[in-house]
Asker: 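First the structure, then my questions, so here it is.
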Number of protein chains: 2
Amino acid sequence: MGLTKSEIFTEEQNRLSTLLKAMAHPARIAILQRILASNTCICGDLVEELGLAQPTISQHLKELKLAGIIQGTVEGVSICYCINPVTWKLLKDQLGIFFESYKGEVSCC
Amino acid sequence: MGLTKSEIFTEEQNRLSTLLKAMAHPARIAILQRILASNTCICGDLVEELGLAQPTISQHLKELKLAGIIQGTVEGVSICYCINPVTWKLLKDQLGIFFESYKGEVSCC
DNA sequence: ATTCTATATCGCAATATTACAATTAATATA
DNA sequence: TATATTAATTGTAATATTGCGATATAGAAT
């Protein structure tokens, strides 16, 4: 049916998977890396640097913004994007807990 | 076109996004949480506990296995799944670096 | 006001994902 | 061997994602 049954999962599971999905594309990873590298925000540069058409970049930015991972403000003619610190911390913490909770070595397989 | 242009991205970007995509579904988050909770592996239990049909669960397990996040071995009639420690560490470290690299507060937007 | 520049939006085609019923495969047990 | 039991596979319908050309929008500069 192509439609995720979100009703049967917890809020936490849905929230985390939504955030991961927003990051789960090489172009969006690249965009985030670019933002992380220059801390200061960018935008039109991405089109040249990534090698994807402008509408495609715009769409990826929209998805990241929709998920709350980045935020953008008008900066004259161009638009300045940067990390949304709140979501970033939330995701970082939640992933931290998630990955830390594996205490390997009890191995069964 | 519905087809990601992997050629234009780095190995690292593709690898990371593939792993994130494998995790980016509430059912697969739930499966991982279940495995993390009982360290020892499970399988048929998931069908009852998650409320998804058996083929659906099987498909999600296959995706996690394909990405290398979990591994499974035959255990009599049932199959035992558990975390793949190598990939787990790799993903944990890479995400750690990624999220740590944001030193907020320089704020621009 | 007109024009330029930078982004966003729309619409579409190609492909991918999600979910499941039906079936098959594989192993255990009677 | 026949029969459960468990999980994988196949096929299919519904929906989502990716990418881009064409177009629209908004602000700056002339």
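Just so we're on the same page: letters track the sequence lines, and every chain starts at 1. These numbers come from a predicted model, not from an experiment.
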Asker: Taking atom P of C:dT7 as reference, at what distance in whole Å does atom OH of A:Tyr81 sit?
Answerer: 9 Å

Asker: Specify the separation, in whole Å, of atom CG of A:Leu66 and atom C1' of D:dA16.
Answerer: 14 Å

Asker: Can you tell me how far P of C:dT5 sits from CG of A:Asp45, to the nearest Å?
Answerer: 16 Å

Asker: Side chains of A:Leu61 and A:Ile79: does their closest heavy-atom pair fall under 4.5 Å?
Answerer: no

Asker: Measure from the side chain of B:Thr4, starting at C-beta and using heavy atoms only, and say which of D:dA7, D:dT15, D:dT18 lies closest.
Answerer: D:dT18

Asker: Rounding to a whole Å, what distance do you find between A:Gln54:CD and D:dT25:P?
Answerer: 15 Å

Asker: Closest nucleotide of DNA chain D for A:Glu63 versus for A:Val74: which of these residues is on the 5' side?
Answerer: A:Glu63

Asker: So, is A:Thr56 near the phosphate of D:dC20, with a side-chain N or O under 4.0 Å from OP1 or OP2?
Answerer: yes

Asker: If the helix axis at each end comes from five base pairs, how far does the helix from C:dA1-D:dT30 to C:dA30-D:dT1 deviate from straight, to 10°?
Answerer: 10°

Asker: Under 4.0 Å between any heavy atoms, over every strand shown, what does A:Ser78 touch: base, sugar-phosphate, or nothing? Just pick one.
Answerer: sugar-phosphate

Asker: Using heavy-atom distances to pick each residue's nearest nucleotide on DNA chain C, tell me which of A:Phe9 and A:Pro55 is more 5'.
Answerer: A:Pro55

Asker: Is any side-chain heavy atom of B:Leu95 less than 4.5 Å from a side-chain heavy atom of B:Leu16?
Answerer: yes

Asker: Of the nucleotides C:dA19, C:dT27, D:dG19, which one has an atom closest to the side chain of B:Val77?
Answerer: C:dT27

Asker: In terms of side-chain geometry, is the basic nitrogen of B:Lys21 or B:Glu63 positioned less than 4.0 Å from the acidic oxygen of its partner?
Answerer: no

Asker: May I ask you to test the B:Ile8-A:Leu50 pair for a side-chain heavy-atom distance under 4.5 Å?
Answerer: no

Asker: Does the plane of the ring in B:Trp88 sit parallel, tilted or perpendicular to the ring in A:Phe98? Use 30° and 60° as the thresholds.
Answerer: tilted

Asker: Under 4.0 Å: is that the gap between some side-chain N or O of A:Lys62 and OP1 or OP2 of C:dT7?
Answerer: no

Asker: A side-chain contact here means heavy atoms from C-beta on lying under 4.5 Å apart; do B:Leu32 and B:Ile83 qualify?
Answerer: yes

Asker: Rounded off to whole Å, could you give me the NZ-to-C1' distance for the B:Lys5 and C:dA14 pair?
Answerer: 14 Å

Asker: Roughly, in whole Å, what's the span from CD in A:Glu7 to C1' in C:dA19?
Answerer: 12 Å

Asker: Considering only residues two or more places apart or on different chains, which pairs with a residue in residues 40-79 of chain B satisfy ring pair (Phe, Tyr, Trp, His ring centres under 6.0 Å)?
Answerer: B:His25-B:His60

Asker: Quick check on contacts: within residues 21-33 of chain B, what sits under 4.0 Å from DNA chain C by heavy-atom distance?
Answerer: B:Lys21, B:His25, B:Arg28

Asker: Counting C-beta onward and ignoring hydrogens, is there a side-chain heavy-atom pair between B:Ile42 and B:Glu49 closer than 4.5 Å?
Answerer: no

Asker: Return the value, rounded to whole Å, for the distance between atom CG of B:Leu3 and atom C1' of C:dA13.
Answerer: 12 Å

Asker: Please classify the nucleic acid contact of B:Leu52 as base, sugar-phosphate, or nothing, using heavy-atom distances under 4.0 Å.
Answerer: sugar-phosphate

Asker: On the side chain of B:Gln59, is there an atom forming a donor-acceptor pair with the base of D:dA8 - under 3.5 Å, no angle test?
Answerer: no

Asker: On the nucleotide C:dT17, are OP1 or OP2 found under 4.0 Å from the side-chain N or O atoms that B:His60 carries?
Answerer: no

Asker: Evaluate side-chain contact (heavy atoms from CB on, under 4.5 Å) for B:Leu52 paired with B:Leu46, printing each intermediate quantity in order.
Answerer: CA-CA 8 Å; B:Leu52 285 172; B:Leu46 293 168; over 6 Å; no

Asker: Is there a donor-acceptor contact under 3.5 Å from the side chain of A:Arg28 to the main chain of A:Leu64?
Answerer: no

Asker: Measure from CD on A:Glu75 to P on C:dA6 and round the result to the nearest Å.
Answerer: 14 Å

Asker: If you assign A:Ile57 and A:Ser6 each to the DNA chain C nucleotide with the nearest heavy atom, which residue ends up on the more 5' nucleotide?
Answerer: A:Ile57

